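Some notes on the structure that comes next.
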Amino acid sequence: MDQGKKLYPSSFNPLFIKLTRPLPEEIAIIGAGTIGPDIGYYLKSALPGIKLYLIDILEEPLKNAEIRISSYVKKAIDRKKMKEDKAKAVLDNIIYTMDYDQIKNCDLVIEAATEIISLKQDIFERIEKVVSEDTIITSNTSSIPADRLFLKMKKPERTTITHFFAPAWRSLPVEVIAWEGGSQEVVDYLFWFFAYTGKVPIITDNAICFILDRIFDNWCNEAAYLLDYASASQIDKVVEEFVYAGPFYVLNMAKGNPIIIETNTLQMEEGPHYRPAQIFGSVEKWLTVRPGTKIEVSEDMKNTIRDRMLGILFSQSFDIIDRGIGTKEDLNFGCQVALGFRKGPFDIMRDLGEAEVNRIMQKFQEERTGFPRAEKPFSAYQNFKRHLLVDDMDDVKIITIRRPQAMNAISDDVNDEILEVLKENIDNPSIKGFVITGYGKNAFSAGADIGRFPEMLCNRNAAAQYAKDCSKVQLFMDQMGKPVVAAINGLALGGGLEIAIRCHSMVATKNAIFQFPEITLGILPGIGGCIVPYRKWPKGSKIFHEMICLARRITAKEAAEIGMVTKITDDYSEMIKEAVKEVKNIQGKIKRLPEGKVDIPEMIIPDQPMAGDLILSKEAISIIVRTIKDGAAADNFTAALEIGCKGFAEIACTDGAKEGISAFLEKRKPEFKK
Ligand code: COA
C-alpha cells in the first residue's frame with residue numbers, strides 16, 4: 001500500500017488491530033431519514049444482541065424507519081438469508097425515539113442527519129451533553145472535513161467521520177477519516193469494528209469529499225456539463241462501458257442533485273473548476289433510460305463523451321493519490337464496490353495504456369482548465385496489488401486476500417499477485433516466511449472465481465490451460481525454502497482450499513469450514529484438489545473421498561483430527577499470531593509431498609449421490625473417481641498433478657458442468673440430467 005502519508009500506521013488488515021475497547025453494547029444513530037435506518041439495520045444484523053437507538057426530531061421518519069427495517073428483515077427471511085430466531089433478535093431492542101436522554105449509555109453514536117454544518121454541530125453538542133466521556137461520536141457526512149464539523153466539541157479526540165455508501169446495509173466500504181484532532185485509538189478501533197461487523201473500512205485523509213465522493217460527485221458534475229452537447233440518456237449509455245449505471249440514472253435513484261450542488265460548491269475552495277453545473281438547480285428528474293437500453297450515439301459523440309468522462313475520472317484519481325487522500329488500493333476497490341464501476345480507474349488506465357491516458361488527459365486539460373493532472377509517471381499509479389493487503393509482522397509477510405465482494409474468490413489477478421508477493425520477498429533475508437489469509441471473518445476464499453468458468457466450458461484446451469495457469473502459485477510454493485502458512489479465517493472452498501492445502505502448514509479459527517463444492521457445479525478441483533490431500537494426509541483419505549465426490553464440509557476440528565490443521569484459535573488476531581509462530585516453527589523443516597504411488601481406500605458412492613438436497617451428476621462423479629484413482633496410482637507427483645488437470649479438462653466438457661456453472665451464475669439450483 002501507499003506508505004506516503006501513513007494513512008495506515010497500524011496495519012492494512014483491520015482484524016490485526018489490538019483492541020483497546022470491547023464491542024459496543026448500545027449504539028445510537030441520529031437521523032432516521034434514508035441512510036440512518038440502513039446503517040441501523042446493518043448494525044443489528046451484524047450484532048443482533050445490541051441495543052440500537054434511532055433518534056429523529058420528527059415522529060414520521062421514525063415510523064417509516066421501523067417499517068423499513070421490518071421489511072428488510074422480512075426480505076432476508078424470504079430469501080433464506082436470515083433465520084427466524086436471528087430475525088427476532090434483530091428487531092428486538094431497537095428504540096425509535098426523539099429523546100436524546102435515552103442514548104446516555106451508548107458506546108458509539110453515529111450522526112446521519114442532513115448535510116448542514118450548523119445542524120450537525122448542534123447535534124454533536126446535544127450528544128456530548130448526555131453520553132459518557134468515552135463514547136465514540138462519528139458523523140456520516142459525505143463531504144465536510146472533520147475539523148469543521150467537530151470544531152465545538154469538548155472532546156474532539158473521540159470523534160471522526162464514518163462515511164457509508166448506499167445502500168448502507170449492504171454496500172461494503174465505509175470511509176473512516178484520519179484527522180489531526182481525532183485519536184489514533186478511535187480510528188484503529190473503528191477500522192477494526194467495521195471489518196469485524198462485515199464492512200470494508202478504508203482510511204481516508206481529512207479532505208473535502210474524502211476519496212469516493214470526489215470521484216462520484218465530479219463524475220456526475222462533468223456529465224451535467226456535457227448536457228450542452230448530448231442528452232442524459234446518451235451520456236449514460238456511453239459510460240455504461242465503465243459503470244453498471246450511468247450518472248443520471250444513479251442521480252435519479254438517489255435524488256442526488258442537491259448533494260452535487262452542495263459538495264461541488266464546497267470543492268470550489270480548491271478552485272472554480274469544481275463549480276456545480278447550473279442545471280442541477282433546475283432539474284428534479286433526468287430523462288434517461290434503464291442501463292442496457294439501446295440508445296443511438298454517433299461515433300464522434302461517443303468519443304467526445306468518453307474522453308471527457310475518463311478525463312475527470314483520471315484527474316480525480318491522480319489527485320487523490322498525489323495528495324495522499326487515499327491509497328490506490330482503496331480507490332480502485334471503492335470505485336468498483338461502492339460506486340458501481342466495472343473496473344477501478346487504475347485498471348481502466350492499465351487497459352488503455354500510457355499513451356492513450358496521456359492523450360485523454362491532454363485533451364481534458366485543454367477543455368477543462370484547472371483540474372489536477374498526474375504529478376508522477378504513469379507507472380507510479382500502477383505499481384500496487386489490486387486484491388491483496390500486505391502487512392509485515394515479526395519478519396513475516398502477511399498476505400490478505402481482499403475481494404470481499406466475491407467472498408475472496410481467487411481470480412487470475414489474485415493468483416498473479418500472490419505469486420508476485422512470494423517472488424518479491426523470496427530472496428529477502430529479513431523475511432522468514434509468509435502467511436496467507438482472507439479478509440473479514442467469513443471466508444478465507446470461496447474458491448476459484450466462477451465468473452471465469454463459462455469461457456472454458458466445452459473447450460478442453462482452454463480448461464487444461466486454465467488449470468495449469470492457476471497452478472503457478474502452488475508449484476512455486478512446492479519448491480520454496482521459506483515456509484508459507486495458510487491462516488483459515490472462515491470458509492475455505494474449492495480453489496481457495498487448493499491454495500491452502502499446498503501451503504506448508506495450516507492454522508484456523510474455530511469457525512473455519514473446509515469444502516470442495518466443485519461437484520455441486522458439475523466439475524472437480526483440478527489444481528491439485530484430487531491429488532494433494534491423499535499424499536499429504538493419508539489418514540483422511542476416506543473423508544477426502546466424501547469431500548471431493550459428495551461436497552462434504554468438514555470443520556476445523558475435523559481437519560485437525562486428520563492432521564490438516566495444526567492449531568485452532570478462538571479469533572482472527574490469535575490465528576494470525578499462531579500462523580506467524582508456525583512460520584518460525586517450521587523453518588528448515590518443510591515437508592515435501594511424497595513422489596511415488598499412494599494407497600487409497602475403496603470409494604463407495606451411493607446409488608443416488610446427493611449433497612444436501614441436491615442430486616449430483618453421476619457422470620461427473622465417475623470422472624472424479626477415475627481421476628482420484630489414477631492420480632494416486634501415478635508414479636510421481638508431477639504426473640499425478642497432470643492427471644488432475646486432465647480430469648478438470650474432461651469434466652469441463654460435460655453437460656453437467658455447463659448446467660452447474662450456469663445455475664450458479666443465474667442464482668438457481670442446478671438440475672443434473674446424468
Ligand atoms: N466465484 C465468484 N463469485 C463468488 C464465489 C466464487 N467462487 N463465491 C461467492 N461469490 C460471490 C457471489 O456470486 C455473490 O456475489 P453477488 O453479491 O454479486 O451476487 C457474493 O460472492 C456473495 O455470495 P452469496 O452466494 O450471495 O453468499 P451466501 O452467503 O449466500 O453463500 C457460498 C456463500 C460460499 C455458500 C456461495 O457463495 C457459494 O456456493 N459459492 C460458490 C462456492 C464454490 O462452488 N466454490 C468452488 C469454486 S472452485
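In listed order, ligands and their atoms are each counted from 1. All of these numbers come straight from a predicted model, not from anything done at the bench. One-based numbering along the sequence shown.
- For atom 7 (N) of ligand 1, the nearest protein heavy atom lies under 4.0 Å away.
- Between the side chain of R386 and the main chain of F346, a donor-acceptor pair closer than 3.5 Å is present.
- Contacts of L493 with ligand 1, taken as heavy-atom pairs under 4.0 Å, involve the side chain alone.
- Polar contact with ligand 1: absent for A409 (N/O pair, distance under 3.5 Å).
- Side-chain polar atoms of N511 and T509 form a donor-acceptor pair below 3.5 angstrom.
- Atom 35 (C) of ligand 1 is not flagged as protein-proximal [any protein heavy atom, distance under 4.0 Å].
- In K81, the part holding a heavy atom less than 4.0 Å from any atom of ligand 1 is the side chain.
- Not one N or O on the side chain of K199 forms a donor-acceptor pair closer than 3.5 Å with the backbone of F164.
- At a distance under 4.0 Å, no protein heavy atom can be found next to atom 29 (O) of ligand 1.
- Considering only non-hydrogen protein atoms, atom 2 (C) of ligand 1 sits nearest to D449 OD1, 3.4 Å.
- Contact record, R668 with S662: NH2-CB, 4.0 Å, taken as the closest heavy-atom pair.
- In this structure, atom 25 (O) of ligand 1 is not in close contact with the protein, since no protein heavy atom lies within 4.0 Å of it.
- Under the 3.5 Å distance criterion, the side-chain polar atoms of T162 are left unmatched by any main-chain donor or acceptor of N140.
- Relative ring orientation between F453 and F648 is described as perpendicular, the plane-to-plane angle rising above 60° on a 0-90° scale split at 30° and 60°.
- The closest approach between F516 and ligand 1 stays at or above 4.0 Å for every heavy atom of the residue.
- In terms of protein heavy atoms, atom 43 (C) of ligand 1 is closest to P517 CG, 3.5 Å.
- Between the choices A446, S445, G447, G490, the shortest heavy-atom distance to atom 45 (N) of ligand 1 belongs to A446.
- Neither the backbone nor the side chain of I523 has a heavy atom within less than 4.0 Å of ligand 1.
- Taking each of M407, R403, R170 in turn, the one with a heavy atom nearest to atom 33 (C) of ligand 1 proves to be M407.
- For atom 10 (N) of ligand 1, the closest heavy atom belonging to the protein is A406 O, 3.9 Å.
- Each of the atoms 15 (O), 20 (C), 21 (O) of ligand 1 lies under 4.0 Å from some heavy atom of Q405.
- The existence of a salt bridge linking E561 and K557 is confirmed by a sub-4.0 Å separation between a basic side-chain nitrogen and an acidic carboxylate oxygen.
- Nearest non-hydrogen protein atom to atom 1 (N) of ligand 1 is I450 N, 3.0 Å.
- Formation of a donor-acceptor pair under 3.5 Å by the K536 side chain with backbone atoms of I501 is found in this model.
- Protein heavy atoms are found less than 4.0 angstrom from atom 19 (O) of ligand 1.
- Counting only heavy atoms of the protein, atom 40 (N) of ligand 1 lies nearest to F664 CE1, 3.4 Å.
- The aromatic rings of F165 and H163 lie tilted to each other, with the angle between the two planes from 30° to 60°.
- Without hydrogens or angle criteria, K44 side chain to P48 main chain gives a donor-acceptor distance under 3.5 Å.
- Among all non-hydrogen protein atoms, the one lying nearest atom 16 (P) of ligand 1 is K667 NZ, 4.0 Å.
- Side-chain atoms of R342 come within 3.5 Å of backbone N or O of E240 as a donor-acceptor pair.
- The G495 neighbourhood of ligand 1 comprises atoms 48 (S), with distances under 4.0 Å to a heavy atom of that residue.
- Contacts of H545 classified as ring-ring contact (aromatic ring centres under 6.0 Å, His included), with partners at least two apart in sequence or in another chain: Y534.
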